[in-house]
Structures are given as C-alpha cells and as structure tokens.
Participant: 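Right, I'll just put the structure down here and ask away after.
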Amino acid sequence: MDYFDPHIHMVSRITDDYETLAKMGCVGMSEPAFWAGFDRCSVDGFRDYFRQLTEIEPKRAAQYGLQHYCWLCINAKEAENVSLSREVIAMIPEFLDKPNVLGIGEIGLNKNTRNEAIVFVEHLELAVKFDQQILIHTPHLEDKYQGTRMILDMLTDDSRIDRSRVLVDHVEEHTVRHVLEEGFWGGMTLYPTTKCTPQRACDIIEMYGAERLMVNSAGDWGPSKPTAVPDFILEMRRRRHPESLIRQVVYDNPLKFFSQSQNFRFTPRETTGEPARTGAALRA
Amino acid sequence: MPLPLTAPEILNREFLEIRCRILDLAAALDRLQRAEGSVADDPRLARLREALAIVQDESDDRAEQVQMVFSRPYDDTWQNALKVAPR
C-alpha cells in the first residue's frame with residue numbers, strides 16, 4: 001500500500017533508509033524542523049539547516065522516487081533562548097517560497113515554560129502573517145497533557161487560526177480527544193518506547209475513527225523506527241480493518257491536510273486506469 | 001467504530017502477548033525487590049502501583065487513565081501564572 005509519512009526527520013537518517021522506505025510503499029514525507037541533539041549557537045546555524053531541508057533532502061529523496069516536503073521553525077527546546085528564536089523567526093521568510101516548504105513547524109512546548117510559550121505565540125504570528133499551515137510538537141511523557149492543553153489554549157485564543165490547517169502531533173490516549181474536539185488534525189507518532197505503539201494507534205483509530213487522524217514514524221537520531229507506518233498498516237490488517245480505512249489514515253488524510261498548502265504539488269503514482277492527480281486536483 | 005474481531009478472537013490472538021507483558025512486569029518488580037537499597041519512598045513507585053490498580057479495573061478507558069497517572073496536572077490559569085497574554 002502506498003503511504004505518506006507526515007513526520008520523519010530524514011536529516012538524521014542514512015540514504016539507505018530512503019531506499020527502504022521506498023521499498024515499503026512510502027511515496028513521500030514531510031520533515032519538520034527539530035532539535036539537532038545540541039543547541040545551535042547562531043541564526044546562521046539554522047539558515048544552513050533550512051538549506052539542508054529545502055535543497056539537500058529533496059534531492060536525496062528523489063533518487064528513490066520519494067517526494068520530500070518540510071516545515072520550518074526554531075524548536076521548543078531551543079526556544080528557551082528567546083533572542084536567538086526571534087532572529088530565526090525573522091529569517092524564516094527567506095525560505096517560505098522554496099518549493100517543498102509546507103508551513104511552520106514543528107513548533108510547540110517542551111517543558112511548558114514561559115519562554116517556550118512566548119516563542120510559540122510568535123511563531124503563530126509568523127504563520128498568520130504569511131498564511132502558512134502549522135505543525136505542532138506536543139511535549140513528552142509527564143509534560144504532554146499539561147503542554148497539549150496549554151497549546152490548545154493558545155491556538156483557540158487566536159481567532160485568526162484556521163483549525164483545519166493545524167496538525168497537533170504526538171497525540172496519545174489522554175490528549176487525542178481534546179485535539180479532535182477543538183477541530184484540529186491529530187498525528188500519532190509510532191515510537192518503540194515513548195509515544196504510541198502501532199497497536200495503541202490502531203486502538204485510538206478504533207475509538208475515535210479515522211477522520212483528521214494520521215500516523216507517523218518521526219524517525220530521527222534517537223531510538224525510532226523509520227518503517228513504523230508499515231507496522232501500523234500490518235496491525236490494522238491483522239485486525240481485519242478494510243483497506244479503505246487503512247488508506248485513509250496513511251495516505252488520504254496526509255494528502256488532504258497537506259493539500260491546503262500552496263507549495264504541496266504531490267504527484268501520486270499512477271494506478272491502472274486512473275490518471276495521476278496533481279496537487280491542484282487534490283486541493284479541489 | 002465496530003471492531004472486526006470479536007472478543008474471543010482478540011483473546012486468542014493476544015493471549016500470549018499479554019501473558020508475556022505481565023511476566024515482564026512481574027519480573028521487573030521482582031528485580032527491584034531483589035536489588036540492594038530501597039525505592040519504597042520513591043514517588044514513581046507509587047505511581048506504578050496506582051497504574052497497576054487501574055489496569056485491574058473493568059472500564060474501557062484504562063489506557064487513558066494510566067496516562068493521567070503519569071501526567072502533570074493542567075492548570076487553566078497557567079497564562080496568569082506565566083504572564084503570557086492571550087491574543
């Protein structure tokens with residue numbers, strides 16, 4: 001089954017992973033900007049990272065027929081440095097017209113601090129000003145519930161935010177309902193130990209339905225599995241869910257959400273008797 | 001959403017996996033017991049015990065309840081506390 005990984009950090013992966021993903025049915029991915037494992041010391045460090053996301057990774061992906069998109073921001077962990085964050089936010093518009101940029105992300109909270117909240121709100125301003133979609137990181141472990149509720153407060157306080165153009169990622173059993181009830185999209189991250197397992201992601205689909213939900217691997221430099229989405233597909237099949245439902249979660253939903261971005265010009269693989277749809281057709 | 005598999009089918013499929021996970025859990029707690037030192041006063045152990053009690057409930061939202069055991073509480077006055085002005 002063709003699938004789209006809506007959240008995967010390919011800068012952390014070797015080229016062989018692109019090949020493996022292509023073999024397993026992946027046709028495209030979106031890569032949010034994130035923490036590199038260390039704090040960068042200058043705006044130029046981020047400028048180079050954004051060049052990697054907008055110039056290098058699309059070329060690596062294209063070698064295996066994969067379409068690569070990305071999101072730009074300074075992540076919540078480095079947002080503790082407010083002055084650097086403001087420099088990065090001011091620089092981001094240099095890249096917004098690059099053909100694979102879908103919006104602002106993954107912005108959010110990490111330890112739910114005042115500085116993180118300030119920088120989050122300033123990212124929202126940027127997204128509104130440039131009419132960008134938003135991809136949101138919610139905190140880990142014991143901070144997730146509190147941080148997700150704080151993020152939803154900040155989003156719903158701002159009447160300019162179009163909720164159908166916001167994806168709140170890393171939802172789990174205790175946060176998914178809040179995200180969906182407020183009209184946002186939700187992403188489930190399939191991690192080996194933290195976040196969701198493929199089995200629990202299937203449970204959440206069974207409990208909440210597939211509308212506005214998607215799954216991702218978030219494959220990065222930590223313990224993670226870039227082929228976690230096929231694991232989810234297999235688990236759904238083992239539970240005898242119809243192919244149409246599985247496809248909705250792993251393919252139709254990501255494309256429907258991303259098609260709201262002007263830069264999303266995804267070309268599906270041709271299927272027998274069906275002409276390939278372009279990004280414009282998908283938006284329609 | 002109706003589940004395609006019946007409860008007996010799910011139990012047939014998952015019995016060994018569930019058994020394995022319970023054994024892993026029991027063995028981990030045994031390991032804590034055998035080791036030098038004490039964690040009796042560690043609040044994390046209390047949370048583990050609270051979560052185990054929830055697992056034995058008969059409700060259909062145990063996973064969500066367990067998540068809440070391991071979560072910091074949400075305070076809806078946080079914007080005042082952190083002095084972050086809503087838009």
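Numbers restart at 1 for each chain; the letters A, B, ... are given by sequence-line order, proteins then strands.
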Participant: Which bit of A/R238 is near chain B, if near means a heavy-atom gap under 4.5 Å: side chain, backbone, both or neither?
Facilitator: both
Participant: Answer yes or no: is there a side-chain heavy-atom contact under 4.5 Å between A/D153 and B/Y74?
Facilitator: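 They are in side-chain contact.
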Participant: Roughly how far, to the nearest 0.5 Å, is CD of B/E14 from CZ of A/R239?
Facilitator: 6.0 Å
Participant: Heavy-atom count around A/E211 CD within 6.0 Å, excluding the residue itself: above 12?
Facilitator: no
Participant: In terms of heavy-atom pairs under 4.5 Å, which option from A/R200, A/K144, A/R160 contacts chain B the most?
Facilitator: A/R160
Participant: Just wondering, are more than 12 heavy atoms of other shown residues or ligands nearer than 6.0 Å to CD in B/Q33?
Facilitator: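 Open.
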Participant: Any non-hydrogen side-chain atom of B/Q67 less than 4.5 Å from a side-chain atom of A/Y145?
Facilitator: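 They are not in side-chain contact.
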Participant: Name the region of A/L124, side chain, backbone, both or neither, that has any atom closer than 4.5 Å to a heavy atom of chain B.
Facilitator: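 Neither part; nothing is under 4.5 Å.
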Participant: Below 4.5 Å from any heavy atom of chain B, which atoms of A/T113 appear? Answer side chain, backbone, both or neither.
Facilitator: backbone
Participant: Listed by residue number, which members of residues 49-65 of chain B have a heavy atom under 4.5 Å from any heavy atom of chain A?
Facilitator: B/A63, B/E64
Participant: Taking atom CG of B/D24 as the centre, does the number of heavy atoms from other residues, nucleotides or ligands within less than 6.0 Å exceed 12?
Facilitator: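 For B/D24, atom CG is crowded (more than 12 foreign heavy atoms under 6.0 Å).
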Participant: Nearest 0.5 Å please: distance from the CZ atom of A/R240 over to the CG atom of B/L3.
Facilitator: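 Answer rounded to 0.5 Å: 11.5 Å.
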Participant: Over all heavy atoms of both residues, which pair between B/L82 and A/R114 is shortest? Give the atoms and the distance, please.
Facilitator: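 What the structure gives for the nearest pair is O-NH1, 3.0 Å.
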Participant: Is it the side chain or the backbone of A/N112 that comes within 4.5 Å of chain B heavy atoms, both, or neither?
Facilitator: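 For A/N112, the contact with chain B is made by the backbone alone.
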Participant: If you tally heavy-atom pairs under 4.5 Å against chain B, which of A/M154, A/Q146, A/M150, A/E206 wins?
Facilitator: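 Option with the greatest count: A/M150.
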Participant: Using every non-hydrogen atom in the two residues, find where A/H174 and B/S71 come nearest and quote the distance to one decimal.
Facilitator: CD2-OG, 3.3 Å
